[in-house]
2 protein chains.
Amino acid sequence: MTDQSVSERKRCAILDAARAVFSHKGYSEASVDDVAEHAGIAKGTLYLYFKSKERLYLDALASDLRAMSAEAKQEMERAGTLRDKLRAFLRVRLEYATSRESFLRIYLAEYGSLFVKTAISPDLIQLLRENMRYVAGVIAQAKRRGEIRTVAPYAVAAAFFDISRGLLERRLLGWKEFRAADEIEFAIQLLFSGIQNAEKGNMHAKRSSKREAHRAKIA
Amino acid sequence: MTDQSVSERKRCAILDAARAVFSHKGYSEASVDDVAEHAGIAKGTLYLYFKSKERLYLDALASDLRAMSAEAKQEMERAGTLRDKLRAFLRVRLEYATSRESFLRIYLAEYGSLFVKTAISPDLIQLLRENMRYVAGVIAQAKRRGEIRTVAPYAVAAAFFDISRGLLERRLLGWKEFRAADEIEFAIQLLFSGIQNAEKGNMHAKRSSKREAHRAKIA
DNA sequence: TGAGATTATGACTGACCAGTCAGTCAGTGA
DNA sequence: TCACTGACTGACTGGTCAGTCATAATCTCA
């Protein structure tokens, strides 16, 4: 094995340690000493591989995030229908919740901190936007094929991302017994069919709905 | 005005300053000196009103969160149909995104940090669970009335929360021009009717969907 | 084997910050 | 005018931690 791969391997080991520590304490509460100790090296050594704590953090996050996005995209391209594509997306992400739990915890926390930080990794936002655009594109295609009714692809993609993230969160919080396959099927079913009772119309509700919709408009 | 209300007013002023500062820097990056300076008082004075930085933070978060939850619940009770109740829920929350933006930023960040912290405010989790339970109850009622098709109320409530949070996030990030009323209507429409093209069935996709569903089951 | 190169170490420094407390001062009542 | 009160102040302390660097250990190859 070449020097390159030895040092690359060590780098990855440090990144793994970083993910483990950051996912337990969060960025601010975790110290570089913690990470070094967890990796079984001295702090000075860590600084041979990463120029700062922030860089270490961002690399730990970005490498897995890129891998997950790429895998989800690949699996979606392999699938035929929109249903299957979206199912594949959810499946890949939920698999990561098992195989790379630490990474996902950091990812979810970082997502939240988007709202209270001015300087967040531009890469991260960029990647999120790209993912969103890709899914929106997939939805737009399905719409053109007549597979789904006419809806705004970008808005649907956004809602789908929201639900997807919710699944990950509930999986990680363990709020209840979590059967991944069932959750995926339910989410897909909900997204495609909604909750409305198709047999019994809700005509009697038309009036008050209009009123509430108007209130929403004023807001 | 009584002494009580003077000191209560000052307390509120400090909480406002705390929300402003925490929403810009996050909990860890913000210092108590920042908050005191923003409130126009000395640090020592702040400690007359709050026993610690953490207490200040949690109070700043909890008071608004309780108010928002209560208002949403009240508006939902006022509404008649499930559609109107859910609309009201989204409307109240989006109004908060305008009137109490700082609070919402902190709330979203805190939500994210659930995944990397062991010790989070038990109050917060409790409140989130209660909200979820309430909405799930509302959905269960609608199901009993035959207003919606048979579906798992808790899972629907979870998905609805996810979408609701997504709306808030997109509103705060300003990723695009955001017309609250339109976004609300779209979300409701999506939740009730889904995206499936009711006219053209998707029978041709049945086979491969089964296969992907199976793959998801294995995961 | 040994000299030079590479990798690793951990004590140290300077900056930061939560929380304290001795002292200040505005207001009040006599 | 003066004594008293308690809200308020901000310098200070003890502790933490990111990042550095002089030194040591290990490796490589002639």
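The sequence lines fix the lettering, A, B, ..., with proteins before strands; numbering per chain opens at 1.
Using the six-membered ring where Trp is involved, Phe103(A) and Tyr96(A) have ring planes that are perpendicular, over 60° apart on the 30 and 60° scheme.
For the pair Tyr57(B) OH and dA18(C) C1', the interatomic distance rounds to 17 Å; values are reported in whole Å. Going from atom CG of Asp33(B) over to atom P of dG10(D) covers 11 Å, rounded to whole Å.
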Check your understanding: Can you give one letter per nucleotide of nucleotides 21-29 of chain C, 5' to 3': B if a protein heavy atom sits under 4.0 Å from the base, S if only from the sugar-phosphate, - if neither?
Key -> ---------
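Between the base of dG19(C) and the side chain of Lys43(B) there is a donor-acceptor pair shorter than 3.5 Å.
For Tyr49(B) and dA7(D), the shortest distance from a side-chain N or O to OP1 or OP2 is not below 4.0 Å. OP1 or OP2 of dC8(D) lies within a sub-4.0 Å distance of a side-chain N or O belonging to Lys10(B).
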Review point. How far apart are the C-alpha atoms of Tyr27(A) and Glu110(A), what are their side-chain angles, what is the distance that settles it, and do they pass the side-chain hydrogen bond (donor to acceptor under 3.5 Å, both in side chains) test?
Key: CA-CA 9 Å; Tyr27(A) 177 76; Glu110(A) 188 58 31; over 6 Å; no
Practice item. Would you check, one step at a time, whether the test salt bridge (charged side-chain N to carboxylate O under 4.0 Å, His left out) holds for Arg19(A) with Asp59(A)? Key: CA-CA 10 Å; Arg19(A) 275 186 285 263; Asp59(A) 285 357; over 6 Å; no
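You'll find that the side chain of Ala42(B) is closest to dG10(D), out of dT9(C), dG19(C), dG10(D). In the set dC17(D), dA18(C), dT9(D), dT9(D) carries the atom at the smallest distance from any side-chain atom of Ile41(B). Of the candidate nucleotides dC17(C), dA8(C), dC8(D), dC8(D) has the atom lying nearest to any side-chain atom of Leu48(B).
Crowding of Glu185(A) atom CD: a count of heavy atoms from other residues, nucleotides or ligands under 6.0 Å exceeding 12.
Ring centers of Tyr57(B) and Phe50(B): at least 6.0 Å apart, outside the cut-off.
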